[in-house]
Amino acid sequence: MNLRVVVAAHKPYWMPADPVYLPVQVGAAGKESIPGYTRDDSGENISAKNPHYCELTGLYWAWKNLSGDAIGLAHYRRHFARPGHGDKKARVMTGPELEQALNGVQAVLPAPRHYWIETNYSQYAHAHHGVDLDTMRAILSEEWPAYLPAYDRVMKRTWGHRFNMMVMRRETFDAWCRWLFAVLGRLEERLDLTGYSKNDARVFGFVSERLLDVWLETEGVTYREVPVVFLENQHWGKKIAAFLRRKLVGHN
């Protein structure tokens, strides 16, 4: 299988040595090149939208510029990993391991994130702006109504696949990107980002995380879940404090 996995990065960082991985400098437009990285402003691209689309500028670049039987997206700090403990870098899955995980399914996804006491909708509304998801729902209702039942189910759940990470067979990958960038384009036309913080302005990357399960369920895509390894330390104390602050007084 000809498999390529884009590793989205905006700065120099450790990269897996396996040739299946392709380091891509996201948001490269107007910036100096990172040695050894492919720029996401080469070929057909939306690199300049990176402040609002995050790693999706790397996804778009891969869609438009890479060939292969399967395409994936990972992050410089987050990778698909084999189960276990110990050296984090050593746990990053190899190309053959990803191919094996893809055997018999259309996609490989990160194990879901659980919020437990929050729904996908309430967690987003506390962390960002609920109007983003409300507007997205209105767009689906008007233009893609077949996706609305899954959207409503997903918004009420307390778990979901996050990080915009995936490895998909080419036909599935193309279908996902066609739909995703079409609906995000409509959302971009409607949202007024005036007053959004720098973080909240990354709205299209955040919303796309919530759309993946909607698309998977509506299209009946088969997938396998694998763990994700985060290469840096998780500051859970800060995360929990920030969560409680947002829940009590809002995210601003």
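Computation of the quantities below employed the complete heavy-atom set of this structure, encompassing side-chain atoms and omitting hydrogens, waters and symmetry-equivalent molecules.
Residues Phe206 and Asp132 fail the side-chain proximity criterion, which asks for heavy atoms closer than 4.5 Å. Leu59 places a side-chain heavy atom less than 4.5 Å from the side chain of Trp176. A 4.5 Å side-chain heavy-atom check between His161 and Glu225 finds at least one atom pair inside the cut-off. Put simply, the side chain of Ser42 does not reach to within 4.5 Å of the side chain of Asn65, judged on heavy atoms. In this structure, the side chains of Asn45 and Lys64 stay at 4.5 Å or more apart for every pair of heavy atoms. The closest side-chain heavy-atom distance from Glu188 to Val203 is not below 4.5 Å.
A salt bridge links Arg170 and Asp174; the closest N-O separation between the charged side-chain nitrogens and carboxylate oxygens is under 4.0 Å. Using a cut-off of 4.0 Å between Lys/Arg side-chain N and Asp/Glu carboxylate O, Arg157 and Glu217 are scored as salt-bridged. A salt bridge does not link Glu142 with Arg186: none of the charged nitrogens is closer than 4.0 Å to a carboxylate oxygen.
A centroid separation of 6.0 Å or more is found between the aromatic rings of His75 and Phe163.
By the neighbour-count criterion of 12 heavy atoms within 6.0 Å, atom NZ of Lys156 is sparsely surrounded, having that number or fewer from other residues, nucleotides or ligands. Around the CD atom of Glu171, the shell of radius 6.0 Å holds no more than 12 heavy atoms that belong to other residues, nucleotides or ligands.
In this structure, Asp213 has no salt bridge (charged side-chain N to carboxylate O under 4.0 Å, His left out) partners at least two apart in sequence or on a different chain. Residues satisfying the salt bridge (charged side-chain N to carboxylate O under 4.0 Å, His left out) test with Arg162, not counting sequence neighbours, are none. The side-chain contact (heavy atoms from CB on, under 4.5 Å) check on Asn2 picks up Arg4, Asp69, with sequence neighbours excluded. In terms of the ring pair (Phe, Tyr, Trp, His ring centres under 6.0 Å) criterion, residue partners of Phe181 (sequence neighbours excluded) are, by chain and number, Tyr60, Trp63. Under the salt bridge (charged side-chain N to carboxylate O under 4.0 Å, His left out) criterion, Glu189 pairs with no residue at all, not counting sequence neighbours.
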List the steps and the verdict of side-chain hydrogen bond (donor to acceptor under 3.5 Å, both in side chains) for Asn199 and Ser197. CA-CA 5 Å; Asn199 185 57; Ser197 69; 5.2 Å; no
Stepwise side-chain hydrogen bond (donor to acceptor under 3.5 Å, both in side chains) test for Tyr121 and Asp134: CA-CA 9 Å; Tyr121 182 89; Asp134 296 339; 2.8 Å; yes
Apply the test side-chain contact (heavy atoms from CB on, under 4.5 Å) to residues Glu143 and Val183: give CA-CA distance (whole Å), side-chain angles for both, the deciding distance (0.1 Å), then the verdict. CA-CA 9 Å; Glu143 302 189 46; Val183 298; over 6 Å; no
Could you go through Ser47 and Arg39, starting from their C-alpha distance and side-chain angles, then the distance that decides it, and tell me whether this counts as side-chain hydrogen bond (donor to acceptor under 3.5 Å, both in side chains)? CA-CA 9 Å; Ser47 179; Arg39 297 175 60 92; over 6 Å; no
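Atom CG of Asp40 and atom NZ of Lys31 lie 9.0 Å apart (nearest 0.5 Å). The CZ atom of Arg190 sits 14.0 Å away from atom CG of Asp192, with the distance rounded to the nearest 0.5 Å. To the nearest 0.5 Å, atoms CD1 (Ile71) and CG (Leu3) are separated by 7.5 Å. In this structure, CZ on Phe173 lies 3.5 Å from SG on Cys177, to the nearest 0.5 angstrom. Note that the CG atom of Leu140 and the OH atom of Tyr147 stand 9.0 Å from one another [nearest 0.5 Å]. Rounding to the nearest 0.5 Å places NE2 of His52 at 12.0 Å from CG of Leu187.
Between Leu193 and Ala201, the closest heavy-atom pair is CD1-O, 4.3 Å. Contact detail for Ala107 and Met168: the closest heavy-atom pair is CB-CG, 3.8 Å. Taking both residues in full, the closest heavy atoms of Gly160 and Asn120 are given as N-OD1, 4.3 Å, listed atom of the first, atom of the second, then distance. The shortest non-hydrogen separation linking Tyr53 to Thr57 is CB-CG2, 4.0 Å. In this structure, Tyr151 and Leu133 approach most closely via the heavy-atom pair OH-O, 2.7 Å. Scanning all heavy atoms of the two residues, the minimum distance from Leu231 to Lys89 falls at CD2-N, 4.2 Å.
Leu102 and Trp215 fall into different hydrophobic clusters, defined by Ile, Leu, Val, Met, Phe, Trp and Tyr side-chain heavy atoms under 4.5 Å apart, directly or through other members. Phe230 and Trp159 end up in different hydrophobic clusters when Ile, Leu, Val, Met, Phe, Trp and Tyr side chains are linked at under 4.5 Å. Clustering ILVMFWY residues whenever any of their side-chain heavy atoms sit less than 4.5 angstrom apart, transitively, puts Leu56 in the very cluster that holds Ile139. By the criterion of side-chain heavy atoms lying less than 4.5 angstrom apart, applied directly or through intervening Ile, Leu, Val, Met, Phe, Trp or Tyr residues, Tyr115 is not grouped with Met155; the two fall into different hydrophobic clusters. Tyr124 and Leu191 end up in the same hydrophobic cluster when Ile, Leu, Val, Met, Phe, Trp and Tyr side chains are linked at under 4.5 Å.
Judged purely by atom type and a 3.5 angstrom limit, Thr158 has no side-chain atom pairing as donor or acceptor with the backbone of Ile117. Although no hydrogens or angles enter the test, the distance criterion places a donor-acceptor pair under 3.5 Å between the side chain of Thr135 and the main chain of Val131.
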Ignoring hydrogens and angles, write down the donor-acceptor pairs under 3.5 Å from the side chains of residues 6-28, residues two or more places apart or on other chains.
from  : atom 1 : to     : atom 2 : distance (Å)
Tyr13 : OH     : Glu232 : OE2    : 2.9
Asp18 : OD1    : Val20  : N      : 2.9
Asp18 : OD2    : Gly95  : N      : 3.1
Tyr21 : OH     : Met93  : O      : 2.5
Gln25 : OE1    : Ile34  : N      : 2.9
Gln25 : NE2    : Glu32  : O      : 2.9

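Between the side chains of Gln100 and Arg224, no donor-acceptor pair of N or O atoms lies under 3.5 Å.
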